[in-house]
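Chain A is the first sequence line, chain B the second, and so forth, proteins listed ahead of strands; every chain is numbered from 1.
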Protein chains: 2
Amino acid sequence: MSLRNAVMAALLDGGASGYDLAKTFDAAVANFWICTPQQLYRELDRMEADGLITARTVEQQRRPNKRLFTLTAKGAEELTAFTAQQHKPTAIRDELLVAVLAADHGDLEAVKASIRERRQWAEAKVERYERLRAKLLDGRTEDDFLATAERVGPYLTLLRGLSFERDNVRWCAKSLTVLERRGARLDAPT
Amino acid sequence: MSLRNAVMAALLDGGASGYDLAKTFDAAVANFWICTPQQLYRELDRMEADGLITARTVEQQRRPNKRLFTLTAKGAEELTAFTAQQHKPTAIRDELLVAVLAADHGDLEAVKASIRERRQWAEAKVERYERLRAKLLDGRTEDDFLATAERVGPYLTLLRGLSFERDNVRWCAKSLTVLERRGARLDAPT
DNA sequence: CTGACCTAGTCAACAAGTTGAGTATGTGAG
DNA sequence: CTCACATACTCAACTTGTTGACTAGGTCAG
């Protein structure tokens, strides 16, 4: 039920097609909600059926037609109702952590390789989020931005994604150090 | 498919009943994987059918019988194979963030209340994880522990959970400040 | 002029996660 | 003596999320 709220929140910035959302989700929402295009299209159809959004077919030259979705009054209302609800806390739910938990009885080298790969991925995400942040700030200081911007929500959620990935980088580095030292100890015990 | 790997990783410490797991998951695994008891029991049945674990019924005086599950050789093998796999990165997937994203067009007061509640929850988690950490360390320094412990996996995953919740606390505090200042500005614009 | 990649989707099948209720016994507080 | 709470589960229905394959036109490099 939350995907639809995430979609509605994304549509606050104006209309978008399913394809747009599938792409820009990666920039605007993906720091805290990921989904496949298939999920998105299915949800969009349902949301249209429920009257939360309306679709307008836009004919394009040199491109396939697309359906532009916009939030309806009912959609905006439901979104507001959602913001008024209580929200369950979530945990991380990461396969890599499961692998690390079992690393002592598993393939230590492979786990280390996975952590290295994850660190790189997280570093790339950090850079991406920082570029997005700079774009949002648009030369202003944070205080200035927060005082003048129409919406602060996207900035705050971006900050959360940013610090999450920074934390990932730090944790990956620390875990690698620990596991490498451990590998050394096991290879050459005194 | 990852729940079963998480369960197997949890069983590395020795056998446990479904009920035990449902409870101790909260301590050992819940920092990165949450599930309901129902999910757990269903998965345990399937895992037994697949020969990854074996169940031994333990009759107890003054308590209902319980089934004690232990990892089989096949289970340990599959777990090792899992650690050798690549693992997709995950995002946060948090309803509260969806609400914050939409906060500018939603019920600002309710969102602030939700953030406050979340901060308290996260603070409680931090304390809990710190107690767990102290218990794992058992008086030793971290270096000492890492050099002597049989398994470092549980410690590393605990650290991840800990820093995630610390980050949550920081983010909640910052967001509250921002939203409160904003509320003030909107109530009394110059 | 061909083959790879981009736009803009759709369909079907399945796996995983959530919700709500129900069973049965024992312990401890008031 | 009763009621809440803990142990130790089970069942069914439902909603979400994932995977893989498929359509169909346009662009651009070699």
Asks: Using only side-chain N and O atoms of B:Y19, determine if any of them is under 4.0 Å from OP1 or OP2 of D:dT7.
Replies: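 Yes, within the criterion.
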Asks: Decide yes or no, distance alone: a donor-acceptor N/O pair under 3.5 angstrom between the base of C:dG9 and the side-chain of A:R42.
Replies: no
Asks: Quick one: is C:dT25 close enough that its OP1 or OP2 comes under 4.0 Å of any side-chain N or O from B:Q60?
Replies: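 Checking B:Q60 against C:dT25: no side-chain N or O falls below 4.0 Å of OP1 or OP2.
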Asks: Indicate yes or no: at least one non-hydrogen side-chain atom of B:F69 is less than 4.5 angstrom from one of B:T54.
Replies: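 Contact flag for B:F69/B:T54 side chains = no.
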Asks: How many whole angstroms separate atom CZ of A:R93 from atom P of D:dT16?
Replies: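 The distance from CZ of A:R93 to P of D:dT16 comes to 15 Å, rounded to the nearest Å.
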Asks: Hey, which sits more toward the 5' end of DNA chain D by its nearest nucleotide, B:K88 or B:R67?
Replies: B:R67
Asks: Can you tell me the distance, in whole Å, between the CG atom of B:L44 and the P atom of D:dC11?
Replies: 14 Å
Asks: Looking at D:dG17, C:dG17, C:dA8, which one has an atom nearest to any side-chain atom of A:D20?
Replies: C:dA8
Asks: In the structure I gave you, are the side-chain heavy atoms of A:I115 and A:R119 within less than 4.5 Å of one another anywhere?
Replies: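 Sidechains of A:R119 and A:I115: no contact.
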Asks: Take the protein atom CG of A:N5 and the nucleotide atom C1' of D:dT16, then report the distance between them rounded to whole Å.
Replies: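 About 14 Å, once rounded to whole Å.
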Asks: 5'-most contact on DNA chain C: A:S17 or B:R46, nearest heavy atom basis?
Replies: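 Per heavy-atom nearest nucleotide, the more 5' residue is A:S17.
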Asks: B:P64 side chain: which of D:dG17, C:dA8, D:dA8 is closest?
Replies: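 Nearest to the side-chain atoms of B:P64, counting from C-beta on, is D:dA8.
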Asks: What is the distance, rounded to the nearest whole Å, between atom CD of A:E43 and atom C1' of C:dG9?
Replies: 17 Å
Asks: Taking atom C1' of D:dC9 as reference, at what distance in whole Å does atom CZ of B:F69 sit?
Replies: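 These atoms are roughly 10 Å apart.
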Asks: To the nearest Å, how far apart are A:L40 CG and C:dG9 P?
Replies: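 My rounded result for the distance is 10 Å.
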Asks: Using a 3.5 Å distance criterion without hydrogens, assess whether the side chain of B:R118 forms a donor-acceptor pair with backbone atoms of A:K88.
Replies: yes
Asks: How long is the line joining OH of B:Y41 and C1' of D:dC9, in whole Å?
Replies: 5 Å
Asks: Kindly say whether, by distance alone, the side chain of B:Q38 makes a donor-acceptor pair under 3.5 Å with the base of C:dG17?
Replies: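 Checked by distance alone, the answer is no.
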Asks: In this structure, how many angstroms lie between the P atom of D:dA8 and the CD atom of B:Q39, rounded?
Replies: 21 Å
Asks: Tell me whether the side-chain N/O atoms of B:K23 come closer than 4.0 Å to OP1 or OP2 in D:dT7.
Replies: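 Yes, within the criterion.
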Asks: Under a 3.5 Å distance rule, please check whether A:R140 uses its side chain to pair with a backbone N or O of A:L137 as donor and acceptor.
Replies: yes
Asks: Are any side-chain N or O atoms of B:W171 and backbone N or O atoms of A:L156, one a donor and one an acceptor, separated by less than 3.5 Å?
Replies: yes
Asks: May I ask you to verify if any side-chain N or O of B:R4 is less than 4.0 angstrom from the OP1 or OP2 atom of C:dG17?
Replies: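 Checking B:R4 against C:dG17: no side-chain N or O falls below 4.0 Å of OP1 or OP2.
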